> 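Would you mind keeping the following structure in view while I ask a few things?
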Amino acid sequence: MSASSPAWTIVAGREHDRIVLLEVTSDGTELRRRTARRDELPAVIRAVEARAQAGHRWVWNDTPRWYPALLNAGVDVARCHDLRLCHAILRSSALVSDPADLRGATAWTAAAGDDSADDALFALEERAGVPDDPAEVRAEFARQQAAVQAATDPDRLRLLLAAESAGALIAAELHAAGLPWDSAVHDRLLTDVLGDRPSGGGLPSLLQARADEVRRALGDPQASLDSQPKLLRSLHRAGVAARSTSRWELAEFDHPVIAPLLAYKKLMRLLSANGWAWLAEWAPHGRFRPVYVPGGVVTGRWASSGGGALQLPRQLRPAVRADPGWVLVVADVAQLEPRVLAAMSRDIALADAARGTDLYEGIVAGGVVSTRQEAKIAVLGAMYGATTGDSGRLVPALRRAYPRAMSLVDDAARVGEDGGIVSTWLGRSSPPPSSAWQALQARASDADAVSGDDTAARRAARDRGRFTRNFVVQGTAAEWALAWLADLRGRLAALPAIEGEPAATRSGPLFSRRAHLAFFLHDEIIVHAPAAQAEAVAAAVRASAERATTLLFGGFPLDFPLDLRIADDAGKG
DNA sequence: AGTGCCTGCGCG
DNA sequence: AAAGCGCGCAGGCACT
């Protein structure tokens, strides 16, 4: 390592009309300070990136503040440290021994909780509240480094911060590249299911036909089908004594209105959530560009804002189509969360059950329950804290067969019920209980508590227990997925760009000639790749999954098998 | 007209 | 109406 090469380059913020960049060694020595006009930034960053040593990171206050403009200019970076996201992790991590300095830096806290700037239209704008002053940015980075160095387990935290920051880069890149979307396929699907698109303000023909059928069965030509209270009253008049209009409830009744009404609701849902209006707004030019929000969920999962990226119905998958000459590599992890639970609890018995490709069949083969369906609801019940019904009934069998795994989630639940903090494998910690929650518990344990207080407090405690029970598993699964994604991103960047003119330029200046991530959904990814690189990408996807497993869980004998296919569209399988 | 809550349903 | 976690969004509706 050359003494003059920076380990970090801090994009420290704005001073007058110029952006301040500080090159810093790993021990904090400042090597060089320079400034650039905003329009010069892509070229400056490209130049620094080109001569950076391995492991160099960009440090900046907020990835959406800087990175989209770089991507638009055709510049990407290998690594970054996102101060806003890392602050949010460190200030509440139980691994940080003395978070006082970080918690005192309230400007970063306010910014971390502010989602008003996550709107697609403002993604390029400055996010309200994120400090932009070079001295403050530098100080916050120093606070974070000190917190990590003094932490109980610095290596885990470093891995978590690196993964979280890589996620910030990937989220911006996913938006820039977009998911290839065939609007003709989407339109055909809508027309097939809903009927011809109305020219005026009316409903598509098949949807209208269903509505007519429902009103006939109700004997009420004026019945309102889209207002829950009105529909409920119409149903009551027709002799259907439902208490709600949800699908599960309606299915219990035997009445001629039920079938057409359920059909109507299904079609109406497609029209309002992902109909022609959605297509025009969110996938207008052959790409669906949702706004991803890394760290948007308490557990560390990503959220999304706009377009409903994380709720894309299976029904619409056929509209995800590769460009000509390109393919999609679609991969998801089978039973990610129970595998994560087995690994983090070091439960060899559960790891043995996961040995094949289907963990649930493995549980059946071990004689714990008798069918795959039972295994599935038992495992979900264990992770979610089910106490009643089929699921709750099966959990004790799991507790006998996999005591280590079950202790981990049972302990997490107990800590939560007691008002404590739990943490993921890499050290993301749950938020403390709200003051209202604490007040409720305090009131109930008071000597002269009213009788209602006690049951309310017990219920709130159990609710929180189910939350912390699930937090450790869902959060660690999110960490595995981030590690997978981050490693894969590096492997894809190392593949050669295609020669000649790109088949399409809709993925932006960087990704129109390079294999790139196009979609991410908790435990599933889609890579858009030149057809000639399909096998290389598939190998990279698998290798990254193995790397993520090793990074998190070392040599624990458990793998995370992928369901992987190479196809022109994402609708099969 | 803007807001915030409720219901219901899509995803993992 | 899910029993049992985490989300976002549309539409209706009550409120300001």
Side-chain angles (χ1 to χ4, degrees), chain A residues 115 118-120 224-233 241-253 261-262 264-275 277-278 281-282 290-317 332-338 340-341 376-395 398 409 412-413 416 422 424 428 430-431 459 462-478 480-481 519-525 563:
Chain A
D115 61 353
D118 289 329
D119 188 282
S224 164
L225 309 186
D226 301 317
S227 159
Q228 193 262 5
K230 290 177 185 167
L231 176 58
L232 200 54
R233 283 195 293 273
R243 288 162 317 171
S244 87
T245 63
S246 80
R247 188 158 32 106
W248 300 106
E249 168 103 16
L250 292 177
E252 300 293 311
F253 291 87
L261 179 54
L262 292 180
Y264 171 86
K265 285 162 75 85
K266 197 165 183 61
L267 299 190
M268 194 58 182
R269 165 78 194 187
L270 178 63
L271 176 66
S272 62
N274 296 101
W278 180 93
E281 186 177 358
W282 291 102
V291 176
Y292 293 93
V293 185
V297 178
V298 268
T299 59
R301 272 188 176 180
W302 288 10
S304 72
S305 151
L310 309 187
Q311 304 132 256
L312 204 61
R314 291 259 152 208
Q315 200 179 4
L316 252 51
R317 290 303 192 90
D332 66 271
V333 196
Q335 304 110 22
L336 174 59
E337 292 191 355
V340 156
L341 174 57
K376 185 173 178 174
I377 61 173
V379 166
L380 291 178
M383 294 187 307
Y384 293 164
T387 53
T388 62
D390 291 344
S391 190
R393 204 158 28 72
L394 291 164
V395 171
L398 241 45
V409 286
V422 297
T424 61
R428 189 189 308 259
S430 65
R459 202 187 53 212
R462 287 191 196 286
D463 287 349
R464 186 160 193 276
R466 285 194 303 277
F467 165 64
T468 52
R469 168 190 293 273
N470 187 244
F471 181 95
V472 293
V473 179
Q474 186 183 119
T476 303
W480 186 94
F519 192 67
F520 170 54
L521 181 52
H522 307 317
D523 62 359
E524 173 184 9
I525 56 161
D563 239 332

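None of these values were measured; they are calculated from a predicted model. Just so you know, these numbers use all the heavy atoms, side chains as well, and skip hydrogens, waters and symmetry mates. Each chain gets a letter, A, B and so on, in the order its sequence line appears, and its residues count up from 1.
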> Which of these nucleotides, B/dC11, C/dG4, C/dA1, is closest to any side-chain atom of A/E249?
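So the side chain of A/E249 is nearest to C/dA1.
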
> Distance from A/R243 atom CZ to A/L232 atom CG, nearest 0.5 Å?
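Reported to 0.5 Å precision, the distance equals 10.5 Å.
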
> Looking only at side-chain atoms of A/R314, point me to the closest of C/dG8, B/dC11, C/dG12.
B/dC11

> Could you tell me how far C/dG4 sits from B/dG4 if I compare only their P atoms? Round to whole Å.
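It comes out at 31 Å once rounded to the nearest Å.
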
> Expressed as a whole number of angstroms, how long is the span from A/L261:CG to B/dG8:P?
11 Å

> Within this structure, what is the NZ-to-P distance between A/K265 and B/dG10, rounded to whole angstrom?
10 Å

> Can a side chain N or O of A/S227 be found less than 4.0 Å away from OP1 or OP2 on C/dC13?
yes

> Rounded to the nearest 0.5 Å, how far apart are CG of A/N470 and CD of A/E337?
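The distance works out to 6.0 Å.
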
> Grab the CG-P distance between A/L521 and C/dC7 for me, whole Å please.
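My rounded result for the distance is 15 Å.
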
> Starting at CG of A/L267, measure out to CG of A/L270 and round the result to the nearest 0.5 Å.
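One finds 7.5 Å between CG of A/L267 and CG of A/L270.
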
> Give a yes/no on whether any side-chain N or O of A/T387 is located under 4.0 angstrom from OP1 or OP2 of C/dA3.
no

> Any idea which of C/dG8, C/dA2, C/dC5 is nearest the A/W248 side chain?
C/dA2

> Take the protein atom CH2 of A/W480 and the nucleotide atom P of B/dG12, then report the distance between them rounded to whole Å.
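About 16 Å, once rounded to whole Å.
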
> Quick one: on DNA chain C, does A/N470 or A/K230 contact a more 5' nucleotide (nearest heavy atom)?
A/N470

> In whole Å, I'd like the distance from the NZ atom of A/K376 to the P atom of C/dG4.
18 Å

> So what does A/R269 hit on the nucleic acid, given a heavy-atom distance under 4.0 Å: a base, only sugar-phosphate, or nothing?
base

> At under 4.0 Å between heavy atoms, what does A/L380 touch on the DNA or RNA strands: base, sugar-phosphate, or nothing?
nothing

> Distance-only, no hydrogens or angles: does the A/S430 side chain make a donor-acceptor pair with backbone N or O of A/V422 under 3.5 Å?
yes

> In whole Å, I'd like the distance from the NZ atom of A/K266 to the P atom of B/dC9.
10 Å

> Check every strand shown and say whether A/S244 touches a base, only sugar-phosphate, or nothing at a heavy-atom separation below 4.0 Å.
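The answer is sugar-phosphate, as A/S244 gets under 4.0 Å only of primed atoms, P, OP1 or OP2.
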
> Show the numbers, then the answer: is there a side chain to side chain contact (heavy atoms under 4.5 Å, CB included) between A/V379 and A/Q335?
CA-CA 10 Å; A/V379 166; A/Q335 304 110 22; over 6 Å; no

> Contact class for A/Q228 (heavy atom, under 4.0 Å): base, sugar-phosphate, or nothing?
sugar-phosphate

> At under 4.0 Å between heavy atoms, what does A/V298 touch on the DNA or RNA strands: base, sugar-phosphate, or nothing?
sugar-phosphate

> Which nucleotide in the list B/dG8, C/dG12, B/dG10 gets nearest to the side chain of A/D226?
C/dG12

> For DNA chain C, whose closest nucleotide is more 5', that of A/R247 or that of A/G308?
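Per heavy-atom nearest nucleotide, the more 5' residue is A/R247.
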
> Could you please name the option among B/dC9, C/dC7, C/dG11 that lies closest to any side-chain atom of A/A303?
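Nucleotide nearest to A/A303's side chain: C/dC7.
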
> Quick one: label A/R243 by what it contacts on the DNA or RNA (base, sugar-phosphate, nothing), any heavy atom closer than 4.0 Å.
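It contacts base atoms.
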
> Taking any strand in view, what nucleotide pairs with C/dG4 in a Watson-Crick or G-U wobble way, both distances under 3.5 Å?
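When the pairing criteria are applied, nothing turns out to pair with C/dG4, so the answer is none.
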
> Given the structure, check if the side chain of A/R301 and the base of B/dG12 hold any donor-acceptor pair shorter than 3.5 Å.
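Indeed, a donor on one side and an acceptor on the other fall under 3.5 Å apart.
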
> Taking atom P of C/dG12 as reference, at what distance in whole Å does atom CG of A/L225 sit?
11 Å

> Tell me the interatomic distance from A/F471, atom CZ, to B/dG12, atom P, rounded to whole angstroms.
22 Å

> Determine, for A/E249 against A/K265, whether the closest basic-nitrogen to carboxylate-oxygen distance falls under 4.0 angstrom.
no

